[in-house]
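What you see is a predicted model, and the numbers here were worked out from it, not measured in a lab.
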Amino acid sequence: MYRFLACRQVKARATHEGFGWFCSFNHSRSAHSLPFATVEAEEISGSQPAKVQNLVQGKWINSSSWNTIVDPLNGEPFIQVAEVDETGIQPFVESLSKCPKHGLHNPFKSPERYLLYGDISARAAHMLSLPKASNFFTRLIQRVAPKSYQQAFGEVHVTQKFLENFSGDQVRFLARSFAVPGNHLGQQSHGFRWPYGPVAIVTPFNFPLEIPVLQLMGALYMGNKPILKVDSKVSIVMEQILRMLHYCGLPEEDVDFINSDGKTMNKLLLKANPQMTLFTGSSRIADKLAGDLKGRIKLEDAGFDWKILGPDVQEVDYVAWVCDQDAYACSGQKCSAQSILFVHENWSKTSLISKIKDLAERRKLEDLTVGPVLTFTTDAMLEHKNELLKISGSKLLFGGEELYNHTIPPIYGALKPTAIYVPLEEILKDKNFELVTREIFGPFQIITEYNQEQLPMVLDVLERMHAHLTAAVVSNDPLFLQEVIGKSVNGTTYAGLRARTTGAPQNHWFGPAGDPRGAGIGTPEAIKLVWSCHREIIYDIGPMPRNWEIPSST
């Protein structure tokens, strides 16, 4: 457990040395390396495989077994991950058990740690602002979760801005309390944000830097001790960022980091019994964990995300470009990706669909504007396409074929950006609804058409969906916006001509709505909701009224 003395020493070092540690960063290593890094992103290969370790009780450790990760672009074994099996979880269980329920810090305990984490955030933000560091993490993301350079850099940029946002005094401001006058002199009630203590974080592959860092830092800011597990396919990114955070002053015992399969992590959670677990990933696993952990969980699960084009047609080129980005950037592997597009008949009279088709077809594997799908095989996606085309009136608008001339291994998917038209009336039929609204975590979307009289049918589709993450209402008609927003649920909803479904910047809430288990990310509100609970302390110190006597029993 983190000790007060260590905290004081780190704080003192930060105070007296300022950011002098950046000088050693600039001079202590060769021009192409970073002082915290144990790998070179460009050099990871079958002949020079990288190794990923675990972190527990402040020490980096290996395990008795190694999981070999293959390069998603060519199938070459290029990363070895030290995966902990069920026999090796005890050190992690013991580490979590050392953290009390009142956390590593709270408003009454070690408040200097709020300042420490403000300093750590400032240092880490500055580090990620340096071209050498930002390029390192951008390229590392590309190696394990192939996406275009700009999309991968977007993760680094959002993370860097988030850390900037919580520099200085901003961490302690998260723990701001309030007071309410009592019934008599000497009585006041105070509301405080209180940590959970031992917590767990489980995150997916598609954003290997942004999601785990933002949730991890939020947990730490509020005084919790987290154990972090990310998908082993991409865990090298988080291993390296943890090493960077240590370099920036993060106490090594504050975070545990484990690589394991899902079964092992499930057993660890049941045995360690963390006070709260944050899970980002599939709805199926989320529901299982909610039962296993007796509801002590926050979820940011999958989303079949929708976009509605309203009756007012304008800026067709721009709207087509946003539709292409929403559906096919990162090969559609965003939980916020546009899964279904409702096109008002006024838009159908334009060249919108052909423009989306042209934009989708310019994507290519060479620049990773389309690339490997890591959770669906090519055959699985083509089978889904064929099932949809059996629906009466449905048709393939574009795509629907495997990528040409690729070396993507068969355990992953390689599909051209695809769109299938399904009539609105058919979507609403019970026999079709589940098939049409199945989330395909790849470059795949449904497109349908409606007229003004059919808007209630569109709203019925939205009501019947079970996941309510992101949405877009593309219209500048205030009455149309009012109608759709007022009769829908999605937690992050863009509205207006420039509305999109994707985008999780650090400046606004990103998360689902309509589910009491829903988790947010990025903002002070999200951090306080997910990583702290309310504690009320009522001070009642007197004085006693003069001539007070024991009253009658009641």
Can you run down the salt bridge (charged side-chain N to carboxylate O under 4.0 Å, His left out) pairs that involve [range], sequence neighbours left out, and say none if there aren't any?
| range | result |
| --- | --- |
| residues 474-485 | E483-K487 |
| residues 497-507 | none |
| residues 229-251 | D231-K233, E239-R243 |

Any heavy-atom pair between the side chains of [Y] and [X] that's under 4.5 Å?
| X | Y | result |
| --- | --- | --- |
| F444 | K385 | yes |
| C248 | F36 | no |
| N507 | K161 | no |
| L269 | L289 | yes |

Discussion item. Return the CG to CD1 distance between L529 and I521, rounded to the nearest 0.5 Å.
Written reply: 12.5 Å
Is the side chain of [X] donor-acceptor paired with the backbone N or O of [Y] at a distance under 3.5 Å, no angle test?
| X | Y | value |
| --- | --- | --- |
| T492 | T470 | no |
| T448 | V422 | yes |
| Y247 | A124 | no |
| T501 | S336 | yes |
| R143 | I44 | yes |
| D305 | A471 | no |

Fill in: Sequence neighbours excluded - ring pair (Phe, Tyr, Trp, His ring centres under 6.0 Å) pairs with any residue from residues 473-523
Y494-H508
Item to complete: May I have all residue pairs that pass ring pair (Phe, Tyr, Trp, His ring centres under 6.0 Å) and include part of residues 279-316, sequence neighbours excluded?
Response: none
Do [X] and [Y] get their side chains close enough for a donor-acceptor pair, meaning under 3.5 Å?
| X | Y | value |
| --- | --- | --- |
| N67 | N259 | no |
| T502 | D326 | yes |
| E83 | S232 | yes |
| D312 | S475 | yes |

Practice prompt. Check side chain to side chain contact (heavy atoms under 4.5 Å, CB included) between Q151 and all other residues, then give those that pass, not counting sequence neighbours.
Written response: K147, S148, Q325, A329, C330, K334
Fill in: For R464, side chain to side chain contact (heavy atoms under 4.5 Å, CB included) partners two or more places apart
L428, D430, F433, D460
Heavy-atom count around [X] [atom1] within 6.0 Å, excluding the residue itself: above 12?
| X | atom1 | result |
| --- | --- | --- |
| E361 | CD | yes |
| E315 | CD | no |
| Q482 | CD | no |

Fill in: Results of ring pair (Phe, Tyr, Trp, His ring centres under 6.0 Å) for Y114 - residues two or more places apart only
H105
Can you name the closest pair of heavy atoms from [X] and [Y] and give their distance?
| X | Y | value |
| --- | --- | --- |
| V234 | A145 | CG1-CB, 4.2 Å |
| R139 | Y149 | CD-CE1, 4.0 Å |
| G413 | M381 | CA-CE, 3.8 Å |
| L55 | F92 | O-CE2, 3.6 Å |
| L365 | G371 | CD1-CA, 3.7 Å |

Identify every side-chain donor-acceptor pair in residues 204-218 under 3.5 Å, counting partners at least two apart or on other chains, and give the distances.
{"residue": "N206", "atom": "ND2", "partner": "Q333", "partner atom": "O", "Å": "3.2"}
{"residue": "Q215", "atom": "OE1", "partner": "W531", "partner atom": "NE1", "Å": "3.0"}
{"residue": "Q215", "atom": "NE2", "partner": "G520", "partner atom": "O", "Å": "3.2"}

Fill in: side-chain hydrogen bond (donor to acceptor under 3.5 Å, both in side chains) partners of T138, counting only residues at least two apart
none
Worksheet entry | With sequence neighbours excluded, residues passing side-chain hydrogen bond (donor to acceptor under 3.5 Å, both in side chains) with K528 | none
Worksheet entry | Parallel, tilted or perpendicular, as decided by the 30° and 60° cut-offs, for the rings of Y221 and F166 | tilted
Item to complete: Quick one: sort the W194 and F192 rings into parallel, tilted or perpendicular, breaks at 30° and 60°.
Response: perpendicular
Discussion item. Restricting to salt bridge (charged side-chain N to carboxylate O under 4.0 Å, His left out), what partner residues turn up for D287, sequence neighbours left out?
Written reply: R517
